[in-house]
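Single-structure report; data block below.
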Number of protein chains: 2
Amino acid sequence: MSDSILLETRYPWNVFNSQCPTRQVLDRIADKWSVLILRRLSDGTLRFAQLRRAVDGISQKVLTNTLRGLERDGLVTRRIYASVPPRVEYSLTDLGRSLGGLVEGICCWAEANIERVEAARTVYDLASAAPEGEIH
Amino acid sequence: MSDSILLETRYPWNVFNSQCPTRQVLDRIADKWSVLILRRLSDGTLRFAQLRRAVDGISQKVLTNTLRGLERDGLVTRRIYASVPPRVEYSLTDLGRSLGGLVEGICCWAEANIERVEAARTVYDLASAAPEGEIH
DNA sequence: CCGCATCCTGAACGATACTG
DNA sequence: CAGTATCGTTCAGGATGCGG
């Protein structure tokens, strides 16, 4: 009996349940900024300012917050060097690296399919603008 | 010459550039609700109310908005049956189905690694609460 | 049943100024 | 350099009521 349960659901968790803690994980990793940061760090260690430049458009505040969250969830390591000026390096943990393939997959999908998406948008927007036109 | 360019970057797009349209795609798919909806629809067509129940915690407004966005971007099809009461079915397009593996990967990663994430959080929160304690 | 319109609150975010 | 702190704004999102 317990075997069948194990076969049906390998984990007792369920992202579709809003009370399940996995939802919080989904919230963290299914996030634009998290994806971009993780992907940058998958190429190697970066300092705060480097990371900021590498992820165009992110504000200092959002970068700080996102890094804190990623660090708290064990995806990113923060190493501080007590020098003047201060030096802080961010890198992926093993757990963070285990997300590498997914994160790259997401970015690649976006780059590979943007033209299809834009084409779909054009069609959709045209249909929305003049829905009556189709009938006449 | 053009060959080397093609080899270096297969696409002229770059998600790290905030002006690049691929950022908008990333915004769409690197989103908690989009991921959950796409994953549900990858198992088959669903009506609006079914989808709402299947994605626990989503409000009607957010579901509507997210579905519109996914439809506009060509990931989801909306089929309307002019019956009483009205019947609206949502399903994935081919483009949406091409995201299936990634979407499933994200959800599975969350379910498979939640315990590691929670363990990391415990460590992080303890260290933040009493950082002086380590020295004594 | 589906989902649009409206109102409203709180969280997210940008900009700026300041510190170790 | 790498933040923290504060302020002001914007906007996502919840609640409710109505309409096709």
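Chain A is the first sequence line, chain B the second, and so forth, proteins listed ahead of strands; every chain is numbered from 1. All values derive from a computational prediction rather than experimental measurement.
Atoms CG (Leu36(B)) and P (dG13(D)) sit 13 Å apart, rounded to a whole Å. In this structure, Leu67(A) atom CG and dG3(D) atom C1' are separated by 11 Å, rounded to whole Å. Atom CD in Gln50(B) sits about 12 Å away from atom C1' in dC1(C), given to the nearest Å. With rounding to whole Å, Lys32(A) atom NZ is found 13 Å from dC11(D) atom C1'. For the pair Leu51(A) CG and dG3(D) P, the computed distance is 10 Å after rounding to whole Å. Atom CD1 in Ile58(A) sits about 13 Å away from atom P in dA15(C), given to the nearest Å. Rounded to whole angstrom, the span from the CZ atom of Arg87(A) across to the C1' atom of dG20(C) amounts to 18 Å. Following rounding to the nearest Å, Ile80(B) (CD1) and dC1(C) (P) show an atom-to-atom distance of 17 Å.
Of the listed nucleotides (dC1(C), dC1(D), dA15(D)), dA15(D) has the atom at the smallest distance from the side chain of Lys61(B). Nearest to the side chain of Arg78(B), among dC1(D), dC4(C), dG3(D), sits dC4(C). In this structure, the nucleotide among dT4(D), dG13(D), dC1(D) sitting nearest to the side chain of Pro85(A) is dC1(D). The side chain of Thr64(B) approaches dG3(C) more closely than any other nucleotide in the set dG20(C), dG14(D), dG3(C). The nucleotide whose nearest atom lies closest to any side-chain atom of Pro86(A) is, among dG20(C), dA2(D), dG3(C), dG20(C). Among dT4(D), dA2(D), dC2(C), the nucleotide with an atom closest to any side-chain atom of Ala49(B) is dC2(C). Of the candidates dC1(C), dG3(C), dG3(D), the closest approach to any side-chain atom of Val88(A) belongs to dG3(D).
Across all strands shown, Tyr90(A) has heavy atoms under 4.0 Å from sugar-phosphate atoms exclusively, and none from any base. Arg52(A) comes within 4.0 angstrom of nothing in the nucleic acid, heavy atoms only.
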Side chain to side chain contact (heavy atoms under 4.5 Å, CB included) for Val25(A) and Asp73(A)? Distances and angles first, verdict last. CA-CA 8 Å; Val25(A) 180; Asp73(A) 285 358; 5.7 Å; no
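No hydrogens or angles considered: nothing links the side chains of Asn65(B) and Arg68(B) as a donor-acceptor pair under 3.5 Å.
A cation-pi arrangement is present between Arg40(B) and Phe16(A) under the rule of less than 6.0 angstrom and at most 45 degrees off the ring axis.
Taking 3.5 Å as the limit, the base of dG14(D) and the side chain of Gln60(B) contain no donor-acceptor pair of atoms between them.
Across Val103(B), Leu99(B), Leu70(B), a single residue satisfies side-chain contact (heavy atoms from CB on, under 4.5 Å) together with Ser34(B), and that is Leu70(B).
The residue among Arg68(B) and Arg47(B) whose nearest nucleotide of DNA chain C is located toward the 5' end is Arg47(B).
Here the CD1 atom belonging to Ile58(A) is positioned 7.5 Å from the CG atom belonging to Leu51(A), to the nearest 0.5 angstrom.
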